[in-house]
Amino acid sequence: MSVFHRILVAYDGSQDSRAALELAVEIARDQGAQLTILTVVPDVPVAVTSVAAGPYDLKSVYVELQENARATVPDDVSVTAILRNGTPAHCITTAAADHDLVVMGTHGRGRIGEALAGSVSRAVVHSLRGAVLLTRAPETKTTEAPGTNRG
């Protein structure tokens, strides 16, 4: 018996969101569920995106991130993609209304963005009554050069 029929995964291209997508794909496959990839183009003040190089097309970056994410989903998993503009936590909570489970990474595109906007995952968990699964990307081990002695 399937518990989840519609799974929403929040995807921003970060390592944690890639881990969330992988996990959501496995759950969707196991449950025979529909997977929705939600990518949110955050509202950024024009002054931030208009540095010396001129205006930056942030939306195209997120469109490409989402297309790459969708391409990684195996053919046996039913997937749709949604692109929204706005505050990530608000967009995720709004989209979650039509889903049984939300899967997302614990951290997004960076600590600086998190400090400016607040913790998206925390806001989503506190806003939703339904199931939310938070995950982290596995830590990558750093390799030291042979003969390096730490200590």
Are side-chain N/O atoms of Asp16 and Ser14 paired as donor and acceptor at under 3.5 Å? no
Per side chain to side chain contact (heavy atoms under 4.5 Å, CB included), Ile7 is matched among Val102, Val77, Ile37, Val103 by Val103
Rounded to the nearest 0.5 Å, how far does [atom2] of [Y] lie from [atom1] of [X]?
X	Y	atom1	atom2	answer
Tyr11	Met104	OH	CE	14.0 Å
Ser17	Arg136	OG	CZ	14.0 Å
Arg122	Thr106	CZ	OG1	11.0 Å
Thr39	Glu67	OG1	CD	10.0 Å
Leu35	Ile27	CG	CD1	9.5 Å

Donor-acceptor pairs under 3.5 Å, side chain of residues 80-93 to any protein atom, not counting sequence neighbours: which ones?
residue	atom	partner	partner atom	Å
Thr80	OG1	Gln34	NE2	3.4
Thr80	OG1	Thr36	OG1	3.3
Thr93	OG1	Ala89	O	2.3

Heavy atoms of Ala137 and Ala19 approach each other most closely as CA-CB, 3.7 Å
Closest non-hydrogen contact found for Ser121 with Leu134 is CB-CD2, 3.9 Å
Quick check against the 3.5 Å criterion: does Arg6 have a side-chain atom that pairs as donor or acceptor with the backbone of Ala33? no
Mind checking what makes side-chain hydrogen bond (donor to acceptor under 3.5 Å, both in side chains) contact with Gln31, not counting sequence neighbours? none
Any salt bridge (Lys or Arg N to Asp or Glu O under 4.0 Å) involving residues 23-37? Give me the pairs, sequence neighbours left out, ordered by first then second residue. Glu26-Arg29, Arg29-Asp76
Kindly write out the residues that satisfy side chain to side chain contact (heavy atoms under 4.5 Å, CB included) with His5, not counting sequence neighbours, or none if the list is empty. Ser2, Asp100
Check whether any side-chain heavy atom of Asn68 sits under 4.5 Å from a side-chain heavy atom of Thr72, and report yes or no. no
